[in-house]
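Note sheet for the following structure.
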Number of protein chains: 2
Amino acid sequence: MKRAPTLVDVATRAGVSYATVDRVVNGRGSVAEKSRASVLQAVADLGYIRNVAAANLAQRRIYRFCFIIPEGTNAFFDRVCDIVRAMHPSAGTDPVQLVIERVAAFDPAALAACLTALAERPFDGVALVGLSDAGVDDAIGALRDKGVAVLTMISDMPTPARDAYVGIDNVTAGRTAGALIVLSHGGRAGRVLPIVGALSARDHADRLSGLRETLAPTDLTFAPLIEGLDRHEVVEARLRAALAADRSITAIYSAGAGNAGLIRVVAEMSEAGRRPIVMIHELTPRSRAALEDGLIDVIIDQRPEDEVAGTLTLLRCLADRRPLPQLPQIVPAIYLRENLPAAVDPALLKGSAA
Amino acid sequence: MKRAPTLVDVATRAGVSYATVDRVVNGRGSVAEKSRASVLQAVADLGYIRNVAAANLAQRRIYRFCFIIPEGTNAFFDRVCDIVRAMHPSAGTDPVQLVIERVAAFDPAALAACLTALAERPFDGVALVGLSDAGVDDAIGALRDKGVAVLTMISDMPTPARDAYVGIDNVTAGRTAGALIVLSHGGRAGRVLPIVGALSARDHADRLSGLRETLAPTDLTFAPLIEGLDRHEVVEARLRAALAADRSITAIYSAGAGNAGLIRVVAEMSEAGRRPIVMIHELTPRSRAALEDGLIDVIIDQRPEDEVAGTLTLLRCLADRRPLPQLPQIVPAIYLRENLPAAVDPALLKGSAA
DNA sequence: CCGAAAATGAAAGACGTCTATCAGATATGA
DNA sequence: TCATATCTGATAGACGTCTTTCATTTTCGG
């Protein structure tokens, strides 16, 4: 168990001075091509890896990261904010400073403006919920050109735009929902009503296509899709209309938000004696209550705790210019009445980065 | 944004020298009670927290942790080993050395002996799969008296014995299985055959009680419990006998290991035309294949990646004598045919401690 | 071959903590 | 009051990296 190689070892091996090694690895000053090559060779030979702790100590480095979270009447994103806030103390051992910015949901212009403004501030990394938009792409590009790491969470964007994506596979999530719906029908026929916020939201669209894929070979049919804009009044009104128009619906799958409206409608049906199977996404105080009260049957939760923790891990790697580890895949949790975890006071939550 | 307080600041505030502060916080030499008090007061006033990176740098510290993993014909524990091994590089930024010891499964004497032997080696922490046994308790106590952190994973032990537990709530896992069985029966009657490795294994017993609890208020009845000792031949033989004796079984729930035997039996039934609903635990190459082949219906996986990562996080905290963070609860993943994640080459896996 | 530019080496001080040593101060008991 | 013990302060060198300065060497164009 020999000591890990240091920059001094690299210098010796390369036959140059420490100063030259430093110029190479930290890219400053001018170095002859020959020297640069021999230093890099020595680094490779020795398997040198920078001691990040020592480096951070010397520079009194603070990691500054920004989370851009959609703003709106969306309990899920409030939860994400709570989790990010709870991560502060979790830094514990290392100096991370987290800032949350909230921008209007589904508003590419606002998001792009936010990103542009961020470029003026000294951030090492930015995490945002992906949105497909050329302006956003450009703003991200500008940030990354400045050396700021940018990654998407929850909903992805085209690969080249961001450094990484942390989140669930939404097609698979939709398939999961489909499989559970199939399971709950036990081979009998049925009719499924899908609800999304907007088909332009990639995560919603992905879930829907996963659902379709899974139900295609079965006896289950689809009622016309509802777009609820993630707003509970809209969801409520359109759902009510759809149910009135079609009495044969046996299952409802809501891939987006605005489920308060859905729950109101289902509560009425439930009192009236019969309600369809209901599956929705994201654990929130309201969805939890509905599950406990028997108004809905399944909650598929994307585990934002894991997503935020993974995001932080990757942001740190990117900031250190280290290779990105392959994080364990984030698998959505399936909550039924019987396996709801005890409610956790978010103020007490302290996540783990790693 | 002012600089975090250092020991020099503490010394100044307490009106003593750095040397005295050092004596207090690192508990060496002798210090007058008055000095100790004023130092501690200063620490509290300033909210001093030791800079672990600097401390580790100065001591050239290496964290040495040992994972004790049950040995046997158990693919799940092989997977755990792979994950632990894959964590090595994940250390990445910090100097962690991991050692794996394997001991015979379900053998308290062997486990206790292993723990005792470990006390002679310079470990900072040990993780083991809990086993209820007085000898094991004593061995753990001896280790902890030496200052070694000890925590249980996967299966717990009585609280006072270990420093922490990382793993799923097995009662809830059993309830989950029960709920899915109920769902899949869609209100029809049925008969459930439970299989465990041994009732003396706490995780198995917990799962069974969760299952019983959930099925109690339903129309579903229980066939007599099978104890399969986690060995596939035993499981196969006893299952065959049970199925021959009782043709009315509509679901099988296996809470333990040895599922290769179960799969063989189910494969035959499947070919013969009809098989019951089958739910088992843990994602392994074999169980994955069985799910893909339509021989079983659900795999409940306890996500050992998360368990190992969480274990490492806590071991580090314990080694640093830092307060333990509240890790996000580990929720078992429910895998159906439709949401099986892509198989990951374990050699490529690099986990996140965070 | 000379002058300017480019490349290199040597060194020192910082970051916050650990560890060690040694001299001096205060307290304790006889 | 003296001889011990018990405390305390001052200081210095590590750990591995960053950052800067200054002097020296090499290279190259003209």
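The basis for the numbers below is simple: all heavy atoms, side chains too, and nothing from hydrogens, waters or symmetry mates.
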Ranking D:dC7, D:dC15, C:dG16 by distance to the side chain of B:Ser30, first place goes to D:dC7

Which is true for B:Asp22 with a 4.0 Å heavy-atom rule: it touches a base, it touches only sugar-phosphate, or it touches nothing?
base

Give a yes/no on whether any side-chain N or O of A:Asn26 is located under 4.0 angstrom from OP1 or OP2 of D:dC18. yes

Taking D:dT17, C:dG16, D:dG16 as options, the one with an atom nearest any side-chain atom of A:Leu7 is D:dT17

To the nearest angstrom, the CG-P distance between B:Asp320 and C:dT17 comes to 13 Å

Closest of C:dT17, D:dC18, C:dA7 to the A:Ala32 side chain is C:dA7

Requested in this report: Start with the C-alpha distance between B:Arg79 and B:Asp82, add both sets of side-chain angles, then the distance that settles salt bridge (charged side-chain N to carboxylate O under 4.0 Å, His left out), and finish with yes or no.
Outcome: CA-CA 5 Å; B:Arg79 181 168 158 224; B:Asp82 287 341; over 6 Å; no

OP1, OP2 of D:dC15 versus side-chain N and O of B:Gln59: anything below 4.0 Å?
no

Taken to the nearest whole Å, CG/A:Asn56 to P/D:dT17 is 12 Å

Regarding the side chain of B:Val31, the nearest nucleotide among D:dC15, C:dT8, D:dT8 is D:dT8

Nearest heavy-atom contact between A:Leu115 and A:Leu128 is CD2-CD2, 4.0 Å

Taking C:dG9, D:dC18, D:dT8 as options, the one with an atom nearest any side-chain atom of B:Thr20 is D:dT8

Worksheet item: Is any side-chain heavy atom of B:Tyr63 closer than 4.5 Å to a side-chain heavy atom of B:Asp320?
Response: yes

* So what does B:Ala19 touch, heavy atoms closer than 4.0 Å: a base, only the sugar-phosphate, or nothing? -> base

Of A:Val25 and B:Lys34, the one whose closest nucleotide on DNA chain D sits nearer the 5' end is B:Lys34

5'-most contact on DNA chain D (nearest-nucleotide basis), B:Arg23 vs A:Val8, goes to B:Arg23

inquiry  = With a 4.0 Å cutoff (strictly under), does any side-chain N or O of B:Ser17 reach OP1 or OP2 of D:dT8?
reply    = no

Of the candidates C:dC18, D:dT19, C:dA7, the side chain of B:Arg50 sits closest to C:dC18

Practice problem: Dump the intermediate steps for salt bridge (charged side-chain N to carboxylate O under 4.0 Å, His left out) on A:Arg28 and A:Asp22, then the final yes or no. | Solution: CA-CA 8 Å; A:Arg28 57 183 143 214; A:Asp22 175 66; 3.1 Å; yes

Would you indicate, yes or no, if C:dT19 has its OP1 or OP2 atom less than 4.0 angstrom from a side-chain nitrogen or oxygen of B:Arg28?
yes

Ranking D:dT8, D:dT17, C:dT8 by distance to the side chain of B:Ser35, first place goes to D:dT8

N/O donor-acceptor pair, side chain A:Arg3 with base D:dG16, under 3.5 angstrom
no

Picking from C:dC15, C:dC18, C:dG16, the nucleotide nearest the side-chain atoms of B:Ala54 would be C:dG16

- Query: Any side-chain heavy atom of B:Thr6 sitting closer than 4.5 Å to one from B:Asn51?
  - Reply: no

